[in-house]
Amino acid sequence: MAQAHPEFPTLTVSRHPAILHKLALLRDEATEPKKFRELVREISWLLGYEALADARVSAIRVRTPLEEIEGSELADRIGLIPILRAGLGMVDAMLELMPTAQVWHLGLFRDERTLRPVEYYNKLPDRATVDLCLILDPMLATGGSASAAIEVLKDWGASRIKLINLIAAPEGVRTVASAHPDVAIHCAALDRQLNERGYIMPGLGDAGDRQFGTGRG
Ligand code: PRP
Ligand code: URA
């Protein structure tokens, strides 16, 4: 249900009907923050499920009530890196999928004038303690925030990194893919373009404001 994109080899855009259905509700300007948060969580779960299809497992022995068999357990130590603020809404769903994942918060906001990311919070330990890092952020617009997050993680020693976005713009995918061809990007939709204020069109507006009810005057 996920397809690699013909123009961007590192991008996978989900085609799952459940994601498409929920995404249309998420985009709707009439969707209130409570429902918006639920949808962010549900779509994140489905995207995470697809993005983890190649996570490594190791064999374990399991005794059913009838006999012993060989089962599997997740072998990769997984780190979730939500980009504050909007990425916070994706964390719980990912923790449902991978209860043993570690969560490392990274605070970045986009300067509205320059559109460049500004780092204001970093709770990462001194060096990487996980095998696979999943960066969580609903929106990939210019790609500045995602690139900054990837650079922080690479400096930290992360080797396998995936970026999970709900909606991506071609400009952002291009920026991340050319600087970081080793980072797989998973999203629910690749939209048309950015507007002159750096917003994704048609997009959903400001993902942080819509989750947390801010920016409404
Ligand atoms: C949004 C979004 C990304 C960033 C994407 O965050 O959640 O982090 O913009 O834009 P870019 O690809 O052009 O860098 P924002 O800066 O609005 O902060 P917020 O999550 O606190 O609202
Ligand atoms: N950040 C958002 O929240 N929305 C956009 O469209 C672009 C960046």
Side-chain angles (χ1 to χ4, degrees), residues 5 8 10-11 13 22-29 31-33 35-37 39-41 43-44 47-48 80-94 103-124 133-154 161-180 183-217:
H5 193 273
F8 302 115
T10 55
L11 175 69
V13 184
K22 291 175 191 298
L23 188 62
L25 295 171
L26 188 77
R27 290 183 190 274
D28 189 335
E29 65 177 356
T31 299
E32 294 292 332
K35 181 70 183 167
F36 191 93
R37 289 192 295 272
L39 289 163
V40 168
R41 177 192 175 101
I43 298 171
S44 299
L47 277 179
L80 304 176
I81 297 87
I83 307 301
L84 308 181
R85 257 169 338 158
L88 282 176
M90 302 173 71
V91 174
D92 284 354
M94 294 290 177
V103 184
W104 305 113
H105 296 88
L106 191 58
L108 298 172
F109 71 85
R110 204 169 65 146
D111 182 304
E112 300 231 328
R113 199 175 42 83
T114 63
L115 298 184
R116 294 299 307 154
V118 180
E119 184 178 320
Y120 62 92
Y121 189 78
N122 182 332
K123 201 61 184 163
L124 273 58
C133 293
L134 303 183
I135 300 175
L136 310 178
D137 194 335
M139 309 304 273
L140 176 61
T142 64
S145 304
S147 299
I150 293 167
E151 277 149 31
V152 167
L153 293 180
K154 285 187 173 175
I161 302 173
K162 293 184 188 230
L163 176 61
I164 318 275
N165 305 116
L166 303 193
I167 300 182
E171 293 90 333
V173 175
R174 208 166 281 124
T175 298
V176 172
S178 66
H180 302 287
V183 173
I185 308 171
H186 289 260
C187 69
L190 178 65
D191 275 10
R192 193 175 69 244
Q193 65 186 116
L194 297 180
N195 71 9
E196 64 292 347
R197 291 173 50 226
Y199 275 82
I200 301 176
M201 302 294 287
L204 50 72
D206 188 301
D209 284 346
R210 292 201 61 188
Q211 283 183 77
F212 302 116
T214 49
R216 291 190 294 179

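First listed ligand is number 1; within each ligand, the first listed atom is number 1. Nothing fancy with the numbering, it's 1 onward along the sequence.
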Y199: what forms a side chain to side chain donor-acceptor pair (under 3.5 Å) with it, not counting sequence neighbours? D206
Partners of R192 by side chain to side chain donor-acceptor pair (under 3.5 Å), sequence neighbours excluded? none
Heavy-atom distance from atom 20 (O) of ligand 1 to the protein below 4.0 Å? yes
Under-4.0 Å protein heavy-atom contact, atom 4 (C) of ligand 1: yes
Checking the N or O distance criterion of under 3.5 Å, is ligand 1 in contact with [X]?
X: A141; answer: yes
X: R110; answer: yes
X: T142; answer: yes
X: A86; answer: yes

Distance to 0.1 Å, residue and atom name: give those for the protein heavy atom nearest to [atom].
atom: atom 17 (O) of ligand 1; value: D206 OD2, 4.0 Å
atom: atom 14 (O) of ligand 1; value: S145 OG, 2.6 Å
atom: atom 22 (O) of ligand 1; value: R85 NH2, 3.0 Å

Take every heavy atom of G143, measure it against each atom of ligand 1, and state whether any distance is under 4.0 Å. yes
Heavy-atom side-chain proximity of [X] to [Y] below 4.5 angstrom:
X: I200; Y: L194; value: yes
X: S44; Y: I164; value: no
X: M90; Y: V40; value: yes

side-chain contact (heavy atoms from CB on, under 4.5 Å) evaluation trace for L26 with R210: CA-CA 10 Å; L26 188 77; R210 292 201 61 188; over 6 Å; no
Taking side-chain contact (heavy atoms from CB on, under 4.5 Å) as the test, write out the residues that go with L115, two or more places apart. R110, T142
Could you tell me, atom by atom, which parts of ligand 1 come under 4.0 Å of a heavy atom of M139? 3 (C), 5 (C)
Worked check of side-chain contact (heavy atoms from CB on, under 4.5 Å) between L153 and L124: CA-CA 9 Å; L153 293 180; L124 273 58; 3.7 Å; yes
Going through the distances and angles, do L39 and Q211 end up as a side-chain contact (heavy atoms from CB on, under 4.5 Å)? CA-CA 10 Å; L39 289 163; Q211 283 183 77; over 6 Å; no
D137 and ligand 1 - part of the residue with a heavy-atom distance under 4.0 Å: side chain
Determine whether a donor-acceptor pair (N or O, by modelled atom type, separation under 3.5 Å) exists between the side chain of N165 and the backbone of D137. yes
Donor-acceptor under 3.5 Å (T31 side chain, L25 main chain): yes
So F8 and L190, side-chain contact (heavy atoms from CB on, under 4.5 Å) or not? Walk me through it. CA-CA 11 Å; F8 302 115; L190 178 65; 4.1 Å; yes
Residues in the immediate environment of ligand 2 (any heavy atom closer than 4.0 angstrom): R110, M139, A141, G198, Y199, I200, G205, D206, A207
